[in-house]
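Throughout, a chain's letter reflects where its sequence line sits, starting with A, and its residues are numbered from 1.
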Amino acid sequence: MQKFKVTFMPDNKSVLAEKDRTILSAAISAGVYVNSVCGGDGVCGRCKVILKKGQVSTQPNGIITAEERKHNIYLSCLTNIHSDLEVEIPESSRLSFDSLTPSQVGERLGSLYSKAEDIQPVNAKFKEGLFKHSPFATKLYLELPTPTLDDNAGDLERIYRALRQLGDFPVIQTGLFNIRQLGELLRDSEWKVTVTLGKRNDTVEIVLVEPGDTTDKNFGFCFDVGTTTISGQLVDLNSKKILGTKATYNQQATFGNDVITRIVYAGQSDGLERLHEAVCNTMNQIIRELILEHNIDLNDVNCVVCSGNTTMIHLLLSVDPAHIRKDPYVPTANFLPVLRAAEAGISINPRGLLSCVPGVSSYVGGDTTAGVLSSGIYQKDELCILIDIGTNGEIVLGNKDFLVACAASAGPAFEGSGVTSGMRASNGAIQKISIDKTGFEVKYSSIGDKKPKGICGSGYIDLLSSMLEAGIIDKGGKIKAAGRRIRQTDTGKEFVVCFKEETDISSDIVINEADIENLKRSKAAIYSATAILVKHLGLCFTQISRIFIAGGFGTYLDIEKAVKIGLLPDLGLAKFSFIGNSALAGASQILLSNQAMTMANNIASRITYFELSVDPGYMDEYSQALFFPHTDLTKFPTVKF
Amino acid sequence: METQLVLEKWAGAIYTLSIGANKEEGGSRGNTVKIGGESSLPLLFKEGNIPNLPAVAFEVWDTPPQDWDEGLVCAYGDVLHDPFAWADKCVREFKAKLLCVRMQGSHPDYGNKGPQEAAKFISTLLSKVNVPLIIIGCGDDAKDNLILPACSEAAKAERCLIGCAIQDNYKTLVASVLADGHNIIAESPIDINIAKQLNILISDMGLSLERIVINPTIGALGYGLEYAYSIMERARLAALSGDKTLASPFICFTGQEAWRTKEAKSGPDHGVIWEVITATSLIQSGADLLVMRHPKAAEKVLAYINTLFKK
């Protein structure tokens, strides 16, 4: 296959591209970002480029004016490469996040902006082979018979025929974009092409036809789009291998910490657009870093599966979330059709697909569905609870017969946000802490055994429990002891976990009384929501057989200590399993198996949503839980300080 | 056919607490006052034991009150200017069995007396009257942390009831009360959970739950009385159902609250009526100890108690 060198200005980046590839596709391979809202359908007109040198062929369209044509302006998605090229990408066609200078980024995102960091996903114990391997996007290499006078089927029909010989595809769709390319592409590639098939609801779509055999390069991303943290995973769709996982704070955090403030912000002028841009930037940043690290061509990333709470999904798709916060709290959509990722602003292969895990209601989203899927509680005989500890905590109770869910606004404290020395569960985060009862000396270990930079959620759980045990704080959360690690500040007392010299940052790592108050409210929200849900169904905790704990806690969570501080009910350690980020795990299952996707739809329609705010007992439960472990000590019989 | 009453059976009971120590107990009081001990809601004698009547304490200040209403000033006359004479009048003339002395003179805005002066005042008072004492700080946290330990020490072994400990400031007072053998008042802002939390925090320091009296904070008639009433009732129901952390008797500052209302000052005897109604209502929600101001109101309330609680 003939290849040509295409150089993009002003980046001065070059790439070798097969003849008849589009300029847009070459730009993506070169890592040059070009706007493309329609995903290469040739309708949005955002991907205009200026041809400086070389030969191309282009298709007629109503977008490029005669005046523009005179100046060699082309739509990069409809223009095919016929020789070595030099192409200039005008400012207006660049993806906006590239146009931000580092100082603008700093200004807009303040300290919240941070590089995506590698995280170690918890190895959830999934039943291997539970779902058949049938990824969201599949690549098939076809060697088509050359047409003859006897075999004169059309080019597209020829592909369909070859596909139907390989498998049972009842309905196949193809975009006009692909059909327009087909005639020349098939002949130039000597009838040897790779077809990327995507599952689009109940049909199969030919996402892309490429020359030659590229079946060994088929990648996808799954995301957990959280209110505070966004985690993404790069998956090899052929080998099912997870190549890398990264997490970073959702850049939307500059517009408010919880979903309600963000919904309010979305209602302001440009608000929705900014929130949308922030979440896309964050996701694209993760995508970009992972593909660069693994040396993968963005064109070979063909699909994305997102799990996220309902508000996050609305914002990702630029759908106004206003009605989520208004009585009777109805979202625009819980079940979203498969879309083109580019339509949402996610930069993968411009024809690539995006699927959002279906949600249940305004406050129980696709992340919960994905969690139920990955924890497997939907097929258990015994009663189970799934508690997802996040900014929007979700609790699901049920088994194979029924599933009921509720949401608890817990705040971002356990995700390491909104607390003085908080950080995500990434390298350098303190996750295990013990404190000596006499001298209050602190022993800790950090993720990656690095010098500590801060404390993550599981570290805070250890810390609170150890401080209670050592008598540094009272059960109300006030610092009562004195010693070299305890200091009085303008805003109350603080306890020094690590002095500056031991850390990787230029200040002490501390916890103060306001942090403790924040953590206390978070744990009270989770515990009381769980208690109310159990009570509402006429059950008691002792009837629950299994409890799955999910959340972005890194690889470690001390359940016993989480019980000691009253975050989790006191039911004996044997009943608990920590399953890590279950939303991400569920999304990766969906990415790899169409069966899992069908199951997710099934689960989402089975879950009954229970609105906590209408339960008169909720406030009582909540205020009773604002204590370590709880004001009703009989609920925590094994906890003694 | 006789109607069968449906009777509630309670699992718990309120702790009995006694205020004041006589000679045999190592103190110097002529009498002691027992409160609490009930194992039923007020006046429901068939459902449990009600061994002690609600008690009334007369409020006395260590400094002449500056803004008391005419109705109160007339009732006491000149003695308001001499705390010892005032206390003596309460005991001799109004037959007070219990005094509640407020150390208002230590407040930075009302004389700012120091801990030594406060301690001396308590010692003198103890020598002049022989009824048990409730000692209340001036309400300024920092100042109370200085004077209350001094008062507590001055009254050592007299088994006083000292307050008020609050959620953000209880440690100093608990330590003194523990050291000097008194009882403590735990104050919470009309909030059953904070009441409970504070009781747990205090007992965590080693002062047993049996030595705590809850001040639930009340409002007078027309000023949130029903709110206080329902909080007290909820706490009492929890205690009788077996929650030991709420099984403490209640102290209610009815005089202070009733005389703050504008209605109390709107005509002759209005204040007395307001104080009586506030006090008698709260007795029905479980009040064990009422701190009152007007002698006539106290008399009426005592008469009410003696009538209704006669089994």
Side-chain angles (χ1 to χ4, degrees), chain A residues 437 464-465 467-483 486 488-493 512-514 516-517 520-521 523-525 527-528 531-532 564-566 570 616-637 639-641, chain B residues 10-12 141-142 145 164-178 184 186-209 212 214 216-217 227 230-248:
Chain A
K437 281 182 191 167
L464 286 177
S465 158
M467 287 171 85
L468 282 161
E469 242 166 310
I472 297 168
I473 54 173
D474 63 29
K475 287 174 184 164
K478 293 276 180 301
I479 295 176
K480 61 174 181 182
I486 293 146
Q488 182 72 42
T489 68
D490 297 343
T491 50
K493 287 181 181 169
N512 59 35
E513 287 181 335
I516 298 171
E517 194 61 32
K520 187 169 83 178
R521 284 197 210 115
K523 75 99 193 168
Y527 177 84
S528 51
I532 283 280
K564 275 195 170 162
I565 66 165
D570 190 1
Y618 181 67
M619 266 324 280
D620 281 346
E621 272 294 336
Y622 174 70
S623 24
Q624 281 178 34
L626 286 173
F627 206 55
F628 296 114
H630 196 276
T631 40
D632 187 351
L633 298 174
T634 58
K635 286 181 173 153
F636 288 83
V639 178
K640 296 270 169 344
F641 291 116
Chain B
W10 297 107
D141 283 354
N145 283 343
C164 292
I166 57 171
Q167 202 182 20
D168 291 329
N169 187 35
Y170 64 93
K171 287 166 205 146
T172 313
L173 187 57
V174 172
S176 302
V177 163
L178 257 177
I184 200 165
E187 177 185 311
S188 44
I190 322 194
D191 185 317
I192 180 169
N193 278 299
I194 293 179
K196 189 167 169 163
Q197 292 181 9
L198 188 54
N199 278 8
I200 296 173
L201 292 172
I202 291 174
S203 67
D204 277 356
M205 281 185 73
L207 186 68
S208 90
L209 288 166
I212 302 174
I214 295 176
T217 313
Y227 192 18
S230 74
I231 287 290
M232 286 168 66
E233 195 176 43
R234 273 176 62 197
R236 187 49 56 91
L237 286 171
L240 292 175
S241 308
D243 187 345
K244 291 194 161 35
T245 57
L246 280 170
S248 308

### Task
Show the numbers, then the answer: is there a side chain to side chain contact (heavy atoms under 4.5 Å, CB included) between A:I479 and A:I516?
CA-CA 9 Å; A:I479 295 176; A:I516 298 171; 4.3 Å; yes
### Message
Does A:V639 form a side chain to side chain contact (heavy atoms under 4.5 Å, CB included) with A:F628? I'd like the steps, not just the answer.
### Response
CA-CA 10 Å; A:V639 178; A:F628 296 114; over 6 Å; no
### chain A contact residues among residues 195-205 of chain B, heavy-atom distance under 4.5 Å
B:K196, B:Q197, B:I200, B:L201, B:D204
### Query
Excluding sequence neighbours, so at least two apart, what forms salt bridge (charged side-chain N to carboxylate O under 4.0 Å, His left out) with A:E469?
A:K564
### Query
Can you list the residues that meet the side chain to side chain contact (heavy atoms under 4.5 Å, CB included) rule with A:K635, with sequence neighbours excluded?
A:Y527, A:E621, A:Q624, A:H630, A:D632
### Message
Going by the rule side chain to side chain contact (heavy atoms under 4.5 Å, CB included), which residues pair with A:A481 if we only count those two or more places apart in sequence or in a different chain?
### Response
A:F440, A:I486
### Message
A quick test of your reading: do over 12 heavy atoms of other residues, nucleotides or ligands sit less than 6.0 Å from NZ of B:K244?
### Response
no
### Task
Check each atom of B:D168 against the heavy atoms of chain A and say whether the ones under 4.5 Å are side chain, backbone, both or neither.
side chain
### Summary
Under 4.5 Å to a heavy atom of chain B? For A:L633 that would be side chain
### Message
Are B:I184 and B:L207 packed together at the side-chain level, in the sense that at least one heavy-atom pair is separated by less than 4.5 angstrom?
### Response
yes
